[in-house]
Student: 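Dropping a structure here in structure tokens format, bear with me for questions.
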Amino acid sequence: MSGIVIIGAGQAGASVAARARALGFSGPITMIGDEPMAPYQRPPLSKGYLLGETSLERLFLRAPSFWKDNAIDLKLGAPVMAIDRETKTVKLGEESVRYDQLVLATGSSARRLPAAVGGQLDGVYTIRTLADVDAMAVEFRAGRKLLIVGGGYIGLEAAAVGAKLGLKVTLIEMAPRILQRVAALATSDFFRELHTGHGVAIRENIGLDRLTGVGRVSGARLSDASELEVDFVIVGIGIAPRTQLASDAGLVIDNGVVTDAFGRTSDPSIWAAGECASFSLGGGRIRLESVGHAIDHGELVAQNMVGASGPYEARPWFWSDQYDVKLQIAGLNAGHDRIVVREGDGNSRSVWYYRRAQLLALDAMNDPRSYMVGKRVIEAGQTILPEQVSDTSIDVKSLQSLAIKVTRASAA
Ligand code: FAD
């Protein structure tokens, strides 16, 4: 029996394998990863691991014995080069592995700066893999000058680590504000103030003209013609789903490997899970870039492969840690037309996103209680009226009891 073959030994791949076994699938499961490591979690790469506070052992998703105990065959350091759908085999070097059902869990790769603007110089890094972070560890020495290109979550987390370790950090963002693509002004303002307070120079509305240096980066010319001296650079300008294998195999691609509501691709024997997969939501085709989604989507694919038939119900959530601030996000804010900001005690704030009266999402900074309330309400398809959320005389716990189903009247 050929069994289940999973390409990609990351968060989603691990979720597929573990769930299929837990559901009683007794055939062979083979998980193939191009990285040399057993499946590990990526979030600490730009947080505790980069800071030196989280050990390597704590990154692994499972104890080493788990894979053996569950008869999950891990082939590591083994990039899959091709999928042959006729013979139902995947090719890694000279070796071929047959599958009955194949799962693509290939994740994404970090976007790099083109060589034309200095992206190939030594001392220019991205943060996607453990190897990326291990390679840049030597650079993090107090007093050195770090330039971060891109004011998204990964860039901001790396900036926080740099500032905490005593580096001189400059972060440039070409959009008018950091986090513009993902968050409201009130959230951007919160994080700008936080970073500035820790000595990070945040320069918005400024692009990178090019990095300079001979062999190794030593400077940067910015779009306003200013120049910076730099010791090293971290590029955090987003990610691209790894779809080449799927596309070479003739599968349909549209903002990721296209899957139906059950996680199946355009070939009924091939599934896709996690960041590499796109699926329909709210009239569009989206991909989600979060641990919660990789786990849930992987589990759904496992369930559907072993005989259930349930559609995916995304319950998006995300977090970020910067200095002493924990940001928790529930829901998706796309399409919001109204924002309510609720200031908490001290260094806490929550930002609630609405479309008409429907609560879509919230960002909670150091405010786990608002996060829990908002998450429950969003996942139940309920709402809390904006005027109640903005009324800080109503405590957070009581907000939950005010949740209502959205009716046509309240949505108007
Ligand atoms: P991955 O975990 O990337 O796994 C895919 C694996 O497939 C990789 O090992 C890849 O090398 C391998 N692969 C690809 N092609 C092949 C091939 N041809 N052959 C063999 N193997 C292949 N999410 C949050 O929710 N909160 C956070 O705070 C957070 N922080 C993050 C910080 C960083 C630095 C990064 C990089 C990500 C962060 N994320 C966070 C996102 C989260 O880690 C990802 O969404 C999640 O790992 C996606 O899981 P995945 O299995 O789809 O992809």
Side-chain angles (χ1 to χ4, degrees), residues 5-18 30-51 54 59 61 74-83 90-93 95 97 102-111 125-133 136 150 152-158 160-161 182 234-236 238-249 256-257 259 263 272-278 287-299 301 315-322 325-330:
V5 172
I6 302 162
I7 307 177
Q11 188 87 53
S15 172
V16 175
T30 308
M31 183 157 55
I32 309 168
D34 58 0
E35 293 183 71
M37 315 295 295
Y40 62 89
Q41 38 172 339
R42 295 186 196 280
L45 297 183
S46 50
K47 308 178 181 74
Y49 186 75
L50 188 59
L51 195 54
T54 302
L59 296 188
L61 290 172
L74 285 188
K75 290 185 186 297
L76 301 173
V80 173
M81 310 306 287
I83 301 166
V90 299
K91 294 194 181 359
L92 30 148
E95 195 186 347
V97 180
L102 178 65
V103 183
L104 301 172
T106 50
S108 307
S109 47
R111 288 188 200 281
Y125 301 92
T126 53
I127 309 183
R128 180 71 200 179
T129 65
L130 190 56
D132 292 339
V133 177
M136 72 177 78
Y153 287 118
I154 288 184
L156 289 170
E157 288 177 352
V161 170
V182 289
I234 295 178
V235 179
I239 57 178
R242 292 181 70 173
T243 56
Q244 193 63 49
L245 264 184
S247 144
D248 291 348
V257 182
T259 59
E275 257 181 21
C276 71
S278 69
R287 284 185 315 103
L288 291 177
E289 299 171 1
S290 74
V291 163
H293 167 67
I295 294 171
D296 292 351
H297 205 217
E299 291 191 345
V301 163
R315 290 171 296 139
W317 60 274
F318 184 83
W319 80 95
S320 174
D321 297 324
Q322 294 164 47
V325 172
K326 179 170 261 326
L327 163 71
Q328 294 168 289
I329 300 173

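FYI, side chains are in, hydrogens and waters are out, and symmetry mates aren't considered; it's all heavy atoms of this structure. As the structure lists them, so they are numbered: ligands from 1, and atoms in each ligand from 1.
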Student: I'd like to know if Glu35 pairs up with Arg42 as an ion pair, taking the criterion as any Lys NZ or Arg NE/NH1/NH2 lying under 4.0 Å from an Asp or Glu carboxylate oxygen.
Tutor: yes
Student: Around atom 20 (C) of ligand 1, find the nearest protein heavy atom and jot down its residue, atom name and distance.
Tutor: Asp34 N, 3.2 Å
Student: Side-chain donor-acceptor pair under 3.5 Å between Ser108 and Glu289, yes or no?
Tutor: no
Student: Among all the protein's non-hydrogen atoms, which is closest to atom 4 (O) of ligand 1, and how far away is it?
Tutor: Gly10 CA, 3.3 Å
Student: Any atoms of ligand 1 less than 4.0 Å from a non-hydrogen atom of Glu35? List them with their elements.
Tutor: 8 (C), 9 (O), 11 (O)
Student: Which residue owns the protein heavy atom closest to atom 31 (C) of ligand 1, what's the atom, and how far is it?
Tutor: Pro43 CA, 3.5 Å
Student: Counting distance only, does the side-chain N/O of Arg287 pair as donor-acceptor with the main-chain N or O of Ala277 below 3.5 Å?
Tutor: no
Student: In the protein, what heavy atom is nearest to atom 50 (P) of ligand 1, and what distance, to one decimal place, separates them?
Tutor: Ala12 N, 3.9 Å
Student: Testing Val235, Thr126, Ile127 one by one against Ile154 for a side-chain contact (heavy atoms from CB on, under 4.5 Å), which residue passes?
Tutor: Ile127
Student: Between Tyr40 and Gln11, does any side-chain donor sit less than 3.5 Å from a side-chain acceptor?
Tutor: no
Student: Among Leu51, Ile234, Asp321, which residue meets the side-chain contact (heavy atoms from CB on, under 4.5 Å) test with Val161?
Tutor: Leu51
Student: Is a salt bridge present between Asp34 and Lys75, judged by a nitrogen-to-oxygen distance below 4.0 Å?
Tutor: no
Student: Heavy atom under 4.0 Å from ligand 1: found in Thr129's side chain, backbone, both, or neither?
Tutor: neither
Student: Please list, in number order, the atoms of ligand 1 under 4.0 Å from a heavy atom of Lys47.
Tutor: 27 (C), 28 (O), 29 (C), 30 (N)
Student: Is a donor on one side and an acceptor on the other found under 3.5 Å between the side chain of Thr243 and the backbone of Gly256?
Tutor: no
Student: Has the side chain of Arg128 got a donor or acceptor atom that lies under 3.5 Å from a matching backbone atom of Ala110?
Tutor: no
Student: Where the side chain of Ser15 meets the backbone of Glu299, is there a donor-acceptor pair that is under 3.5 Å apart?
Tutor: yes
Student: Below 4.0 angstrom from a heavy atom of Leu245, which ligand 1 atoms are there? Numbered from 1 as shown, please.
Tutor: 18 (N)
Student: Are the side chain of His297 and the backbone N or O of Gly274 linked by a donor-acceptor pair below 3.5 Å?
Tutor: yes
Student: Between Ile7 and ligand 1, which residue portion shows a heavy-atom distance shorter than 4.0 Å: side chain, backbone, both, or neither?
Tutor: side chain
Student: For ligand 1, does Tyr153 get within less than 4.0 Å through its side chain, its backbone, both, or neither, judged by non-hydrogen atoms?
Tutor: neither
Student: Quick check: Trp319 and ligand 1, any N/O pair under 3.5 Å apart?
Tutor: yes
Student: Counting only heavy atoms, tell me which of Arg242, Arg128, Arg42 gets closest to atom 8 (C) of ligand 1.
Tutor: Arg42
Student: Only heavy atoms of Ser290, strictly under 4.0 Å: list the atoms of ligand 1 that pass.
Tutor: 23 (N), 25 (O), 45 (O)
Student: Give the single entry among Met31, Met81, Lys326, Glu275 that approaches atom 44 (C) of ligand 1 most closely by any heavy atom.
Tutor: Glu275
Student: Starting at OG1 of Thr106, measure out to CD1 of Ile6 and round the result to the nearest 0.5 Å.
Tutor: 12.5 Å
Student: Please state which option from Gly13, Ala277, Ala105 has its nearest heavy atom closest to atom 6 (C) of ligand 1.
Tutor: Ala105
Student: Tell me which protein heavy atom sits closest to atom 53 (O) of ligand 1, plus the residue, atom name and distance to 0.1 Å.
Tutor: Gly107 CA, 3.3 Å
Student: Would you check if the side chain of Asp296 reaches a backbone N or O of His293 as a donor-acceptor pair within less than 3.5 Å?
Tutor: no
Student: Only heavy atoms of Gln11, strictly under 4.0 Å: list the atoms of ligand 1 that pass.
Tutor: 2 (O), 47 (O), 49 (O), 51 (O)
Student: Using a 4.0 Å cut-off to any heavy atom of Gly274, which atoms of ligand 1 qualify?
Tutor: 52 (O)
Student: Do me a favour and list the nearest non-hydrogen protein atom to atom 18 (N) of ligand 1 with residue, atom name and distance?
Tutor: Val80 O, 3.1 Å
Student: For atom 25 (O) of ligand 1, which protein heavy atom lies nearest, and how many Å away is it?
Tutor: Val291 N, 3.0 Å
Student: For atom 33 (C) of ligand 1, what is the nearest protein heavy atom, given as residue, atom name and distance?
Tutor: Ile154 CD1, 3.5 Å
Student: Number the atoms of ligand 1 from 1 as they appear, then name those within less than 4.0 Å of a heavy atom of Gly33, with their elements.
Tutor: 20 (C), 21 (N)
Student: Ignoring hydrogens, just give me the one of Ala82, Ala110, Ser46 whose non-hydrogen atom is nearest atom 32 (C) of ligand 1.
Tutor: Ser46
Student: For the side chain of Ser290 and the backbone of Phe318, is there at least one donor-acceptor N/O pair under 3.5 Å apart?
Tutor: no
Student: Could you list the atoms of ligand 1 found under 4.0 angstrom from a heavy atom of Ile32?
Tutor: 20 (C), 21 (N)
